[in-house]
Structures are given as C-alpha cells and as structure tokens.
Amino acid sequence: MAVKPRAVKVCDVTIGDEALAVMAGPCAVESREQIFAAAAVVSAHGARFLRGGAYKTRTAPNTFQGLGRKGLELLREAAEAHGLLTVTEILAIEEIDASLPFIDLVQLGSRNMHNVPLLRALGRRRVPVLLKRGFGCTIDEWLHAAEYILQEGNPDVVLCERGIRTFEHATRFTLDVAAVAIAKARIGLPVIVDPSHAAGQREWVECLTLAGVASGADGLLIETHPDPDRALSDGPQAVPLSRFGDLMDAARRVAEAVGRSIPCGAPASTLLHGTVAT
Ligand code: PEP
Ligand code: MN
C-alpha cells in the first residue's frame, strides 16, 4: 500500500509540492567567479538551490578534493546574492557543526549512503537532508538508510535517485526511473532526480532530465559550469551555463504535461543581493 506523500520544507521552498525544486550549479565550488556566474544563471532560470561541493568524495585521491571551508563560504555568499538556498555535501560527523551555518539542505552522497554513524548524526540535527542513493544499493537499502535519519527524530529527508551501476557503460550509471515512484510510494518522502551523475556525459543530461520529470520527480539536481572543459571535477557531465536555460525550458514543458511546474526565474538583472528589486 502506498504511503501518503509528505512534503519537506527547506526555508521558504517546499519540496514535494506541485512545483519542482531545481537545484543546480557546479560539481565543486572552484572559485568566486565560477560560483557567482553559476548562481546568476541558475537563479535566472528557476532554480531555488545553488549546488556546489566544498568537500568532495572523489574516486581517486590525487584529484581535486574541494576548497573545504572556503568553498562553503563562497557557496553561501553566491547563493545569498542571487536569492538561492544552498545544497552541498558533508563527508564526516566532525564537519557537521562547523558546516551547518552555510548549508540549507545537507547532501549525503552516494558513497556515504551506508555510513550509519553519519546518518544517525544527521538524524539528531534539525536540518533537512538530501540522501543520495548508493550506486550499488537496492531501493530497500536506500529506504533503510533514510529510516536511520527518521528514527533519530529528523523527519526532513529528501531522497535523490542518481543512477546505479549496471553492466551498461554507455552512461556513467543507469538512471533507475522506476525507483522514483517506488521509493515515494513506499516511504512517502519527496524524491528528486540527478540526471548528471547518471549520464556522465552532457550529451545525455537532457533526456534523463526529461525522463526524471516524467517519472514524477519532485525536483532536479543538475551540474552546470561556466566552462565545463576546464572544470576541476565532473566536467564531461556538466551542462555549460549557456545551455542551462534551454534545458530548463525543455524540463518545464514536460513538467506541465504531467501536471507539475518549474518556476520561471527572475531575470538576473532584477536580483539584488538576494531580494527582488521592486
Ligand atoms: C555530487 O553530487 O557531486 C556527487 C559526488 O554525487 P554522488 O554522491 O551521487 O556521486
Ligand atoms: Mn559531481
């Protein structure tokens, strides 16, 4: 039997409403110029959250690991300047307290989905959590991970389907669109889709975005970068900022076809330090 769906409120944004919550920005915060450029464009096209990793879980240790605290500060500053909320990952319990002032929605990454002490620690905080599905995990395992957070007393969990590992190598991961409906029906929490990590190449991000919206996702998490060829992480899957508006227009058409909406953003020029100029 399907569980009654529940929306999760993050500041003034409700995830699980008729309107999809769009979260977008670079894989990692790299510089002030980069994150401010991303914030300006994504807010102008309807995103409500600015994403950008400060602490990264990279597969290889000799790659860019994020700017750490400086990255969190830049993310918050850029988001505030453009009226956005922040979503970013933390990797360890020791990072939680110092990081929370900079984060509105705490991302728990695919590689950390089974980190029970971290799940429990986030469950004890009153902070909304975005729980990504482990790429080698079943839907059941993912929902049990969410229960660790819920059972500690934190009801504000949003799930994120970001693709699972299969024998198929044409994409980086295989986006499991059925998981969106199944997870929602079983646990009643909002589910968003990350087409970027599933696609692995920007060429396939649009079709997975549209499939995610059609599957009933309550939001999208999308990587976009001012200059993807120079990105320090996940460049191949980043949509150039110059293409982000077209991607949102396409997503909006599908959202409307399935009885949902994606807000139109305020033109960048009308946004002044987080408030819409009147
Ligand atoms: C990310 O969002 O940049 C990320 C590392 O995602 P995932 O945990 O899904 O791999
Ligand atoms: Mn990434």
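If you're wondering where the values come from, they're calculated on a predicted model, not measured in any experiment. Both counts, for ligands and for their atoms, begin at 1 and track the order of listing.
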Is it the case that the side chain of K70 and the backbone of A54 share a donor-acceptor pair, with hydrogens and angles ignored and the cut-off at 3.5 Å?
no
Within the structure, is a non-hydrogen atom of K56 found at a distance of less than 4.0 Å from ligand 1?
yes
Within the 4.0 Å heavy-atom shell around G109, which atoms of ligand 1 are there?
8 (O)
Given R172, E161, Q237, K132, identify the one with the heavy atom nearest to atom 7 (P) of ligand 1.
K132
Show which atoms of ligand 1 fall inside a sub-4.0 Å distance from at least one heavy-atom site of C27.
3 (O)
Test side-chain contact (heavy atoms from CB on, under 4.5 Å) applied to T88 and L50, L105, V29, L75, the passing residue
L75
Of all N/O/S atoms in H197, the name of the one nearest the Mn ion (ligand 2):
NE2
Angle subtended at the Mn ion (ligand 2) by D234 OD2 and C27 SG, to the nearest 10 degrees, is 90°
For ligand 1, which is the ligand I care about here, please tell me if E89 has any N or O atom under 3.5 Å from one of the ligand's N or O atoms.
no
Which of the N/O/S atoms in E223 sits closest to the Mn ion (ligand 2)?
OE2
To check your reading of the model: name the closest protein heavy atom to atom 8 (O) of ligand 1, its residue, and the distance in Å.
S110 N, 2.8 Å
Side chains of Q237 and Q201 only: does a donor on one sit below 3.5 Å from an acceptor on the other?
no
When you measure from atom 4 (C) of ligand 1 to every protein heavy atom, which one gives the shortest distance, and what is it?
H197 NE2, 3.4 Å
Contact check: T57 vs ligand 1, nitrogen or oxygen atoms, below 3.5 angstrom:
no
Taking 4.0 angstrom as the limit, do E161 and R133 come out as a salt bridge?
yes
Are R252 and E256 ion-paired here, with the side-chain N under 4.0 Å from a carboxylate O?
no
Does an N or O from R111, backbone or side chain, lie closer than 3.5 Å to an N or O of ligand 1?
yes
Nearest protein heavy atom to atom 9 (O) of ligand 1, by residue and atom, and its distance?
R162 NE, 2.6 Å
Would you mind listing which atoms of ligand 1 come within a distance below 4.0 Å of any non-hydrogen atom of R51?
1 (C), 2 (O), 3 (O)
Salt-bridge contact R125-D97 (side-chain N to carboxylate O under 4.0 Å)
yes
Taking the side chain from W142 and the backbone from L131, do they hold a donor-acceptor pair closer than 3.5 Å?
yes
Between D234 and R202 (salt bridge meaning N to carboxylate O under 4.0 Å), is one present in this structure?
no
Give a yes or no on whether a salt bridge exists between E89 and K56, defined as a side-chain N under 4.0 angstrom from a carboxylate O.
no
Other residues, nucleotides and ligands only: do more than 12 of their heavy atoms fall within 6.0 Å of CZ on R243?
no
Subset of ligand 1 atoms that lie under 4.0 Å from at least one heavy atom of E223:
1 (C), 3 (O)
